[in-house]
Structure formats: C-alpha cells, structure tokens
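Below is one structure, written out as structure tokens; comments come after it.
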Amino acid sequence: MQKTSATKKYWVAKFGGTSVATHAAMARCVSVVMNHPDVRVIVVSAPSGVTDLLVKLSQSNQLELDIKPLVNEIKTKIHAIMADITPNQLLPTLRLEIETMLSDIESFALTLKNQYSRSDADALLSYGERLSARLFTCVLQELGLGAAYQDARTLIKTNNSFGKAEVLINETEKQVNELLLPKCEKSIVVTEGFIGSTLDNLTTTLGRGGSDYSAAILAEAMRADVLQIWTDVPGIYTVDPRLVTHATPIDEMSFTEAAELAQFGAKVLHPATLWPAIRKNIPVFVGSSINSKAQGTWIRAKNDERHNAPLIRAISLRRHQSLLTINSLEMLHTHGFLANIFTILAKHQLSVDIVTTSEVSVALTLNHPGTGPNDLLTPDILSELKSISNISLTIDNELCLIALVGNQLHITSGISGKVFKRLADFNIRLICHGASSHNLCFLVNEKDADAVIQALHAEFFS
Ligand code: ASP
Ligand code: MG
C-alpha cells in the first residue's frame, strides 16, 4: 500500500459509453465528479456507438464493407463533442491530437482491409477509448477541474490474447504504483477503460464491455476506497426494467448476489468487474450519470447488520442459450464418460454454464452472445463428440436462461414449489437448483421468456 496519507481517500469512477456520448453528457459527469471530491481516477469508455463502428472497421475485410462511411460516422461523433468545448488555450493542441488519431483510425482500417491481424485489430479498437479520454480530460479542465491524462496502456499490462486479453495483476500493480499514484497526489487522473498492453507494449483490449473491469483492476491495484460505476440506469434493479415496468432499484446488495446477477445476464455490470473488488474488499457503487441524484446501488461485503439478505434479491435473464443433450446407453454403469465429453469441450474452449445428468444422458448449456449457435458447436466438435462412443446428440436453440438470485435458496423449503406452480403453463427445459445457495435457474423457450420473467416478478416482488 503506497497511499501517502492515512486520511486521504482514493475513489475510482468509471463512466460508460452513454455517459460520455456528447459534450453535454461529459459535462454531467464532471458535475458528478465535483460532488465526489474523493474521486482521484476517472476511467472512461468510448462514446457510445464508437466501438461498434471500430469493430465493423476491423472486420471490413470479411464483411466487404466500405471504410469511408464508417470512419465518417466516427468523425462526426467526435467532432460534435469537440465543437461544444469552449475555446481555450488547450484546444488547439487537443484538436491536433484528435485529428491525428482520427486519421490513424483510417490507416489502421485500410491496413486491416488488406491484411487482417489480431494485434492490428486491437490497436484499431483502442481508439474509441483513447479519443474519449483526451476529450474528457479537456472537458474537466474546461469546467475548472485540474486533470491529467495517463495512457491506460502504460498501466494495465496483459498477456497477448488479443481481443480478450488477461490482465497481469502484479505487473499492473507495479505500473500503478510507479505512474498513477504519484500523479493522483497532484490532480485527478483520466485514463481509458477496455485497453492495455502486452509486456512488449503491443496494444490489447479486454473484451467487449471491458471498461468496468479496467476500472476494477485499477481500483484493486491502487487499493482504492470505493469504485463507482456510472452508467445510464440508476443502479441494479430487481429485474431488467425494460422487461417489467414495476422493477424496483436495489439500494444495497452483497458481492455474491451482484456477482451472480452479472454472471447470469444482468447487463449493468461486466461479469468480471466484481472479482478485483471482492479480492480487496472495495465497495462498488452503481449509479446513473444522467440522474445522479437517484439512489443507485451499493455492492459490498455482506455485513449482517446492514445487509438484510432476502430470499430472492433479483431475477435475471440471459438470452441466446443452446442446450446440448447427449445420450448413451454405454454411460450406464461406466466411468469416464463425462470426462471425455468435457475434455472435448475444453479442447475447443467451449465454456459450459449449467449441467444436469441422469444415468444415461447429460444436458448442458452454452452461451452464444452475438454469434450463431452453429459457430459454437462446429461440425468438427460434433463429430468428435459422436466419436466418443455410441451416442445420440440433440441441440436445442432459441432458449433463455432465467435465474432467481438470492440467499439460502438451497435450504429453503417450498421455493421450487412456488416457482414452478406459478410457471405451470410454461415448458421448463432444464433446472439447476442446489448447486449454489444463491441461485435457482432454468431454461425456457425464447418466446416465453418475457412472460415467465413477468410472472416470477409478480410472485416475488409485488
Ligand atoms: N467501448 C468498449 C465496448 O463498447 C468497452 C466498454 O465500453 O466497456 O465494448
Ligand atoms: Mg458497459
């Protein structure tokens, strides 16, 4: 721990894409920072929509896309932010830097169109956050807060799994102690989410939505007192408010509850975000930069005086699930059958979420966000599975995973009765109850998902 003064607090605040989408949105973030004087480090996402455009540009070669209109769309968004900054003496330098970055985007896109490489793709993707951080630093200065910029690639060190790099926490801590903490003593520091660099300084990205995780890693590395995640919704709700109008915000919840929710599809937090906070016991606040007076949600270690652990805290929904069912009479009274299946899935880096087995069959779920299910279970994988022994194999798509997240679910009598009585009219595909005290989950058909969520919310929250 390198903090210099025992009383000094270090908060890390992360602002998401919608919070930095326009100059007015950035200005709202600045007033949030003014209201929280302990914020020393600010982590920003790319203005919303920019990373999607950069992803398209990075794939222009496969998608046979025209680069120009995509680059122009990015330019328009960035120029609009810049045009609203009141002229000041820093503006000419900023303008130069921004124009250089915008033309770099075009050259990287051209390079990738001719020859794709994962490291060039990551270099291209990094520009959304890099533009955002420069603009945000300038807006802080414009509105009277002294702020310095620090390139996140000098802080967050990663391996070279481009596109979804893993953070090297010891190296990152060293960089944070050397470069970030001394700077924080003097002023607020702005840096990028989502990006890092390898030990030989190639740019990497941490996976879509990774800015939350960047902020958590920096909070961990600097032993921050609080991590704030500012987004466009005022905290975590009992269920996604777009699905149920009566959803209510949760003012406080435990790390475990929030981690289960993020894992099971709540979009508010990137699933990896909480682990660094849990490791160093750093309370996390989730709030809305658009409506910063709204209560928001505090997530912290369970403290029984404060934390009234309800049986059901929230309900989550994850779409795009596939169910793979494998049947084999040879499974009867044999051993090693499950091991063989999982060895094949592991070899192809397929991550299984839920498993149920009976004597002669096993059913498991796979998550395929954004990709089609067939991209996941390729003909190669299927034929390898079929070669194990005499098996039959079925795949069901268009399923959703619904999870009830709460406490003591595994030892509370009547809970499954209550759930499934309410859902008597729906076809429930696979149930997982008892593996965790914090969740009970099952699959339903995509077409039933919204109705199931509404019925459960009515059962447990009205
Ligand atoms: N800009 C990146 C994305 O859209 C990272 C983030 O916003 O968290 O995925
Ligand atoms: Mg996000």
Side-chain angles (χ1 to χ4, degrees), residues 12-22 25-26 28-29 41-59 70-71 73-74 77-78 81 98 101-102 104-105 108-109 118 121-136 151-153 155-156 158 161-167 190-197 203-220 227-233 236 258 262-263 265-277 284-290 320 367 369-371:
V12 174
K14 179 258 169 178
F15 292 100
T18 44
S19 301
V20 296
T22 61
M26 286 191 179
R28 277 195 296 270
C29 299
V41 173
I42 295 173
V43 178
V44 291
S45 282
S48 62
V50 171
T51 308
D52 289 339
L53 289 163
L54 291 168
V55 168
K56 274 195 200 151
L57 278 173
S58 74
Q59 300 166 340
L70 298 171
V71 174
E73 238 184 283
I74 296 175
K77 281 179 197 276
I78 301 300
I81 299 176
I98 298 284
M101 287 199 244
L102 291 171
D104 288 350
I105 289 179
F108 265 110
R118 284 159 55 92
D122 266 9
L124 175 59
L125 292 189
S126 72
Y127 279 96
E129 270 68 15
R130 288 164 60 194
L131 287 159
S132 184
R134 301 312 269 245
L135 290 163
F136 196 90
D151 189 328
R153 293 171 299 172
L155 302 173
I156 301 216
T158 71
S161 300
F162 297 101
K164 208 171 189 340
E166 277 166 37
V167 173
V190 179
T191 191
E192 298 91 352
F194 183 53
I195 67 173
S197 72
T203 301
T204 51
T205 62
L206 307 182
R208 292 305 306 268
S211 292
D212 293 353
Y213 183 52
S214 298
I217 288 288
L218 292 176
E220 173 179 35
L227 166 64
Q228 295 180 316
I229 304 284
W230 294 99
T231 167
D232 51 5
V233 287
I236 300 175
Q263 199 63 46
K267 294 268 162 45
V268 192
L269 275 183
H270 183 276
T273 308
L274 290 166
W275 300 117
V284 178
F285 174 81
V286 182
S288 159
S289 68
I290 298 157
H320 309 298
N367 188 25
T371 56

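Only heavy atoms go into these numbers, but all of them, side chains included; no hydrogens, no water, no symmetry mates. Ligands are counted one by one from 1 in listed order, and the atoms in each one are counted from 1 as well. Bear in mind that the values here come from a model prediction, so they are computed numbers and not experimental data.
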Among Gly193, Ser211, Gly49, Ser214, the residue with a heavy atom nearest to atom 8 (O) of ligand 1 is Ser211
Are any of the N or O atoms of Lys14 closer than 3.5 Å to those of ligand 1?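 No: no nitrogen or oxygen of Lys14 is under 3.5 Å from one in ligand 1.
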Judging by distance only, is a nitrogen or oxygen of Arg208 under 3.5 angstrom from one on ligand 1?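 N/O-N/O distance under 3.5 Å: yes.
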Contacts of type salt bridge (charged side-chain N to carboxylate O under 4.0 Å, His left out), residue Arg118, not counting sequence neighbours: none
Not counting sequence neighbours, which residues clear side chain to side chain donor-acceptor pair (under 3.5 Å) with Glu220? List them please.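 Per chain and number, Glu220 pairs via side chain to side chain donor-acceptor pair (under 3.5 Å) with Arg279, Lys280.
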So which heavy atom on Thr191 is nearest to which on Val41, and how close?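 Minimum heavy-atom separation between Thr191 and Val41: CG2-CG1, 4.5 Å.
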Atoms of ligand 1 less than 4.0 Å from Ser45 heavy atoms? 6 (C), 7 (O), 8 (O)
Is the closest side-chain heavy-atom distance between Val44 and Glu129 below 4.5 Å? no
pair Phe194-Leu125: side-chain heavy atoms closer than 4.5 Å: yes
If you measure from each non-hydrogen atom of His270 to ligand 1, which part falls under 4.0 Å: side chain, backbone, both or neither?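 It is neither part, as no heavy atom is under 4.0 Å.
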Can Gly209 be said to touch ligand 1, with heavy atoms closer than 4.0 Å? yes
